[in-house]
Protein chains: 2
Amino acid sequence: MSIVTELSEPSLHEPVRRARGRPRKAVHERDDGNRRQELLRVAARLFRQQGFAATSTRDIASAAGMRSGSPFYHFENKEALLAAVMQEGMQSALQRQAAAMAAAVDLAAAQGHTLSARECFRVLVRSHFEVLLGPDSDFIPVMLYEWRSLSPEQRGEVNRLKDDYEAVWVPVLKALHASGELQGEPGLARMMLFGALNWSAQWYDPAREATLDDLTRSVLQLFLKTTT
Amino acid sequence: MSIVTELSEPSLHEPVRRARGRPRKAVHERDDGNRRQELLRVAARLFRQQGFAATSTRDIASAAGMRSGSPFYHFENKEALLAAVMQEGMQSALQRQAAAMAAAVDLAAAQGHTLSARECFRVLVRSHFEVLLGPDSDFIPVMLYEWRSLSPEQRGEVNRLKDDYEAVWVPVLKALHASGELQGEPGLARMMLFGALNWSAQWYDPAREATLDDLTRSVLQLFLKTTT
DNA sequence: CCTACCGATCGGTAGG
DNA sequence: CCTACCGATCGGTAGG
C-alpha cells in the first residue's frame with residue numbers, strides 16, 4: 001500500500017516549472033519506499049538460503065547495494081527485519097488465499113452451483129503451493145523455519161496471522177472429515193497435511209518436471225478418499 | 001571404536017603395582033569416550049533448540065562442563081561436530097529401523113504368516129516416529145533442518161545414509177501403490193509422506209495427549225485407502 | 001542514507 | 001583436556 005501512495009505522488013512535473021520547482025529529489029524520494037521493500041526482498045532470500053543467524057546485516061546491506069550501517073535506518077535491528085519479512089509474507093499469503101477463494105466462489109456462482117468441500121480444498125492447496133513455491137516464495141519458508149529466532153512478542157504477532165490463515169482451512173477440513181473423504185483424527189490430520197505441503201519448500205525444484213497443478217492433484221489423490 | 005582402543009591402553013604404571021589390582025583409573029579413562037558422546041548429545045540439543053549458527057562452541061563446551069577450547073580436542077572444528085551429530089543420528093535411525101523390521105518379520109513368521117505391505121508400512125512409520133520424537137530425538141531434527149550448514153562433502157556422506165534409510169521404504173510404498181492403497185504419483189507421494197512425518201518434530205508435544213501409537217494410527221488412516 | 005567507529009563475541013590455536 | 005590468547009566478524013550507533 002505504501003507503494004501506491006508513493007507512486008501517486010508524481011515527481012515529474014519538473015520540466016514544467018524548470019526554473020521554479022527544482023527536481024525535489026523525487027527520484028530519491030520514490031526510492032525511500034522501494035529501498036525498504038528491496039531490503040525485505042533480499043533479506044528474505046538470504047535468510048532462506050543461509051538461515052537468520054548465518055546471515056549478517058552486512059550481507060543484506062551489500063545485496064541491496066547499501067553500506068553496512070544503512071539497514072538500521074529502515075529497521076530498528078536485525079530481529080525487526082526478520083519479523084517484517086515474516087509479517088509481509090503472511091499478509092501476502094492471506095490476501096492470495098482470500099482472492100483465490102473469492103474467485104472460485106464467483107466462478108461457481110456464475111455456473112449456477114456452489115463449491116463442494118473438495119473443490120474448496122483444491123483451491124486452498126493450490127493457493128498454498130503458489131505462496132510456497134511460486135514467485136517471491138522466500139518469505140513463507142523463512143517464517144516456517146526461522147520463527148525460533150523471533151522474540152516472544154514478535155512470535156505472538158506472527159502466530160496470530162498464521163492462525164488466521166489456518167482458520168480458513170478448518171471448516172473445509174471439518175466438512176471433508178464429516179463426509180468421510182478425510183480420515184484420521186482431525187487435529188492430527190491437519191498437522192500432517194500442512195507438514196506434507198510445507199515440506200515441499202525443501203525439495204521442490206521448479207526447473208524439474210512437476211508443476212504446481214501436478215502437486216495439487218497428487219495431494220488430492222493422496223489425502224482424500226472417494227465418496228462413492 | 002576409539003572407545004575400545006582407548007580402554008585397552010592403561011597409562012598408569014607409575015605407583016607401579018602397589019596393590020596390584022587397583023581401580024586403574026578406569027572411571028577416568030572411560031570418561032574419555034564419554035566426553036565425546038556427551039559433546040554430541042549436548043550439541044544435538046543446542047543445535048536443535050537454537051540452530052547451528054546461533055550456537056557457539058562455547059555454549060556447547062559449557063553445557064558439557066568443559067572450557068571453551070576443549071571441544072576442539074574432540075572435533076576438528078564446529079562443522080565436523082555438526083556432521084558427527086547427523087551421522088550419529090542417521091546410523092542410530094538405520095539400526096532402529098532394521099531392528100523394528102526384523103522383529104516384525106520374526107513375529108509374523110512365528111505366527112505362520114508373512115508381513116503385508118500395510119503391516120510393513122505401519123512398522124516403518126512407528127519406527128520413524130520413535131526416532132523423531134522418542135528419547136534422544138534431537139539428532140534427526142538437526143539433520144533435517146541444519147543440513148545447509150554442512151560442507152558439500154559432508155552433505156554427500158549424510159545423503160548416502162539418508163538414501164539408505166529411504167531405500168527401505170521404497171518397495172513398501174511401491175507395493176501399496178500397486179494395490180491401490182496408496183495413490184498419487186509415487187515419487188511425490190513419498191516426499192509428501194515424509195513431510196507429514198517429519199513436520200511432527202516441529203509440533204509434537206510428548207506431554208500432550210497423543211501417543212506415538214496415536215500418530216501412527218492417524219497416518220495409516222490418513223494416507224491409506226482401504227482395499228476391500 | 002554514508003562514514004567511521006566501538007564493544008562484544010566467535011571459531012580456533014599454541015603450548016602445556 | 002585447560003590457560004591464555006589472537007584475528008576476524010558482527011550488530012549497532014553517532015554524527016552528519
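Bear in mind that the values here come from a model prediction, so they are computed numbers and not experimental data.
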Taking CG from A/Asn77 and P from C/dA8, how many angstroms apart are they, rounded to a whole number?
-> 18 Å
Any Lys/Arg nitrogen of A/Glu166 or A/Arg190 sitting under 4.0 Å from an Asp/Glu carboxylate oxygen of the other?
-> yes
Does OP1 or OP2 of C/dC1 have a side-chain N or O of A/Arg67 closer than 4.0 Å?
-> no
So which nucleotide from C/dG11, C/dA4, C/dC1 ends up closest to the side chain of B/Phe72?
-> C/dG11
Which whole-number value in Å describes the distance from B/Gln50 CD to C/dT9 P?
-> 15 Å
Just compare C/dC1, C/dG11, D/dG11 and give me whichever is closest to any side-chain atom of A/Met66.
-> C/dC1
Side chain of B/Arg58 (C-beta onward), nearest among D/dT13, D/dC5, D/dC1 = D/dC5
B/Glu38 CD to D/dC1 C1', in whole Å, measures 15 Å
B/Arg126 with B/Glu130: basic N within carboxylate O range, under 4.0 Å | yes
Rounded off to whole Å, could you give me the NE2-to-C1' distance for the A/His74 and D/dG11 pair?
-> 17 Å
Identify whether the distance between the nearest side-chain nitrogen and carboxylate oxygen of A/Arg41 and A/Glu38 falls below 4.0 Å.
-> yes
Would you please test B/Thr55 and B/Gln50 for side chain to side chain donor-acceptor pair (under 3.5 Å) and show each step?
-> CA-CA 6 Å; B/Thr55 303; B/Gln50 316 173 356; 3.3 Å; yes
Separation of A/Phe75 atom CZ from D/dT13 atom C1', in whole Å?
-> 18 Å
Atom CD of A/Glu76 and atom C1' of D/dT13: how far apart are they, to the nearest Å?
-> 13 Å
How many Å lie between CG on B/Leu82 and C1' on C/dG12, as a whole number?
-> 17 Å
Pair A/Asp59, A/Ser56: side-chain N/O donor-acceptor within cut-off below 3.5 Å = yes
The side chain of A/Lys78 lies closest to which of these nucleotides: C/dC2, C/dA4, D/dG11?
-> D/dG11
Across the strands shown, which category fits B/Ser56 at heavy-atom distances under 4.0 angstrom: base, sugar-phosphate, nothing?
-> sugar-phosphate
Quick one: do B/Ser92 and B/Gln95 satisfy side chain to side chain donor-acceptor pair (under 3.5 Å)? Show the steps, please.
-> CA-CA 5 Å; B/Ser92 164; B/Gln95 284 170 17; 5.8 Å; no
Please report, rounded to the nearest Å, how far the P atom of C/dC2 is from the OH atom of A/Tyr73.
-> 11 Å
A/Arg160/A/Asp163 salt bridge by N-O under 4.0 Å criterion | no
What nucleotide among D/dA4, C/dC1, D/dC1 has an atom nearest to a side-chain atom of B/Arg35?
-> D/dC1
As a check of understanding: the bend across the helix from C/dC1-D/dG16 to C/dG16-D/dC1, end axes from five pairs, rounded to 10 degrees, works out to 10°
